[in-house]
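As structure tokens, the structure follows; a few thoughts come after it.
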Amino acid sequence: MPFGYASPEQIMRDKADYARKGIARGRSVVVLQYVDGILFVAPNPSRALHKISEIYDRIGFAAVGRYNEFEELRLGGIRYADINGYTYDRSDVTGRGLANLYASNLGRIFTESIKSLEVEVVVAEVGETKDGDAIYRLTFDGSVFDEHGFAAMGGQAEAVAGRLKERYRESMSLADALEVALTALTEPGGERPPVAQLEVAVLDRNREHRKFLRLTGARLERLLAQTTQPPSPGASSSSSSSSSSEASGAGGTEPGTSSGPSDDTPPPTGPDGPVDDGSSPL
Amino acid sequence: MASHRDLPAGLVNQLFHNTGSSSFTEFVSSYAPELLPRRDEVLATPIGDQVPHATTIVAATFAGGVIMAGDRRATSGNVISQRDVQKVFRTDDYSCMGIAGTASTGIEFARLFRVELEHYEKLEGRTMSVAGKANRLATMIRGNLAMAMQGLVVVPLFAAYDPDKDEGRIFSYDVAGGPYERDRFDAIGSGSIFARGSLKKLYRDGSSADDMAMTLIQALYDAADDDSATGGPDVTRKIWPIVGVIDADGFRRLTDEQVSGYVDQMLEARLISPDGPIAPLR
């Protein structure tokens, strides 16, 4: 018999606060479009416990939060995709279907369970052309955000999304996209995570059969060698129209105050989680 | 038992709480058993003669890999039911299977087997061992024994590149399962006795992939020469055998241009010597 009364609003608020704090403790993950598909980048000291994964031929998955919780979502998603692909046809498995499945399960758990899941998930699907690409960001309460071009989640997600928004351009090369992602993941003036602590994968629309490819070892190092430019304000050789805002952004002005594109409300963050020292794979 | 049509409800109990093995087949058999190849229904009369049959598949190893080829004919009794049927299937990046016997059952097996391998790979984060793949296929064949007794016999030939040994491996099966690992080469199907005789004379240890592709084309031609259910290359309709090569770079299917090159070369030689190349006596 519970002692006293708590209003439904209060219960929901408490659950949401709890989940936000849990998520904010981890590091950020970045997902963004590049010319040949979709790039996933996550600082992750673990080599075996992945934050980024393949779900199906054209569908990738990235998550932050509690490992055991998003791992369960990942496995459920693979079962969903494989059974539907086998029942119908491989082309009938869509990112939207998977996002809806996750949303309904996340929403149900958020309302019905004492504790909501402390996870945030991105489901990304690569299309035949860049217009067919889709990035869905799902939060712990089952909300779905149809992101355009890029998404960031995890600890400091707001700041990361702000840096990402400043630098993101359409149809970047893979090396440029990786550069943008790493800059977004690094605090201004901070040090970039070493190669050994990076988890990088792509959904490359030009690959045959299964588009998902994990970039590791020599391949990743070669790619990073193409990207690493000095992060000085003038370094962006891109002649894009947004160069002025880019230069000021790289100089260290506080991003994140600008609102996201259309329906992009900033991902939830908690102010008072412990400092992430990178030792946790979450 | 939840039906696969009401996924979200079923997911609550099953998709997210299945903590058993990483086998797709085992998952489906508890989740939606009607999707699996039939196991124990007994037909009133054998219908084996009334459904299309696939015939000859040949496979051989070469230096650093394995190669598989299949003709394109499907027969129902004495009728040619299809001239361009596919009997060699890529099952993952480093394996393929060919089917002989009841075409429909064989195609279903190939589809299921591909999902089985990918499902394991995604869930476990590692590729299944070659022996593991061969054993999974054996279990599927064993499950079909009751149907085989009714005339719906399907026998696969499985070929894979083994990265630990840097060589190709070939496994064959009987209706009750297997697997039997084959040294150097093997053939299955009604034309296999002729193909195997041909391969025995033409096989050379340490051949290149190019030479071995030619050897397999010769063997398929010899099978078609003596077995009415095996189709030769259809020069007028430009329907060529399917040839799949697997080496350290993965599976690739030779293009029609490549195969027609081999076929043209062979046919030209056969105009002079209809029985094909002559192996040295001593």
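Hydrogens, waters and symmetry mates play no part in the numbers below; they use all other heavy atoms, side chains included.
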Practice task
Just give me the residue among B/R111, B/K122, B/R90 that pairs up with chain A most often, heavy atom to heavy atom, under 4.5 Å.
Solution key: B/K122
Problem - From A/L75 atom CG to B/F27 atom CZ, the distance as rounded to the nearest 0.5 Å - result: 10.5 Å
Practice task
Could you pull out the closest heavy-atom pair between A/I83 and B/F24, with the gap in Å?
Solution key: N-CE1, 3.7 Å
Handout entry: Salt-bridge present (A/R90, B/E118; N to O < 4.0 Å)
Key = yes
Problem - Contacting region of A/I109 [heavy-atom separation from chain B under 4.5 Å] - result: neither
Practice task
Under 4.5 Å heavy-atom distance to chain B, tell me which part of A/F212 shows up: side chain, backbone, both or neither.
Solution key: neither
Handout entry: Polar side-chain atom of A/R74 near backbone of B/L123 as donor-acceptor pair, under 3.5 Å
Key = yes
Exercise for the section: Look at atom CD of A/E208 and say whether more than 12 heavy atoms of other residues, nucleotides or ligands are closer to it than 6.0 Å. Expected result: no
Exercise for the section: Answer yes or no: is there a side-chain heavy-atom contact under 4.5 Å between B/D92 and A/H209? Expected result: no
Handout entry: B/E121 with A/R210: basic N within carboxylate O range, under 4.0 Å
Key = yes
Problem - Distance (rounded to the nearest 0.5 Å) between A/Y86 OH and B/R114 CZ - result: 13.0 Å
Problem - NZ/B/K238: more than 12 non-hydrogen atoms of other groups inside 6.0 Å - result: no
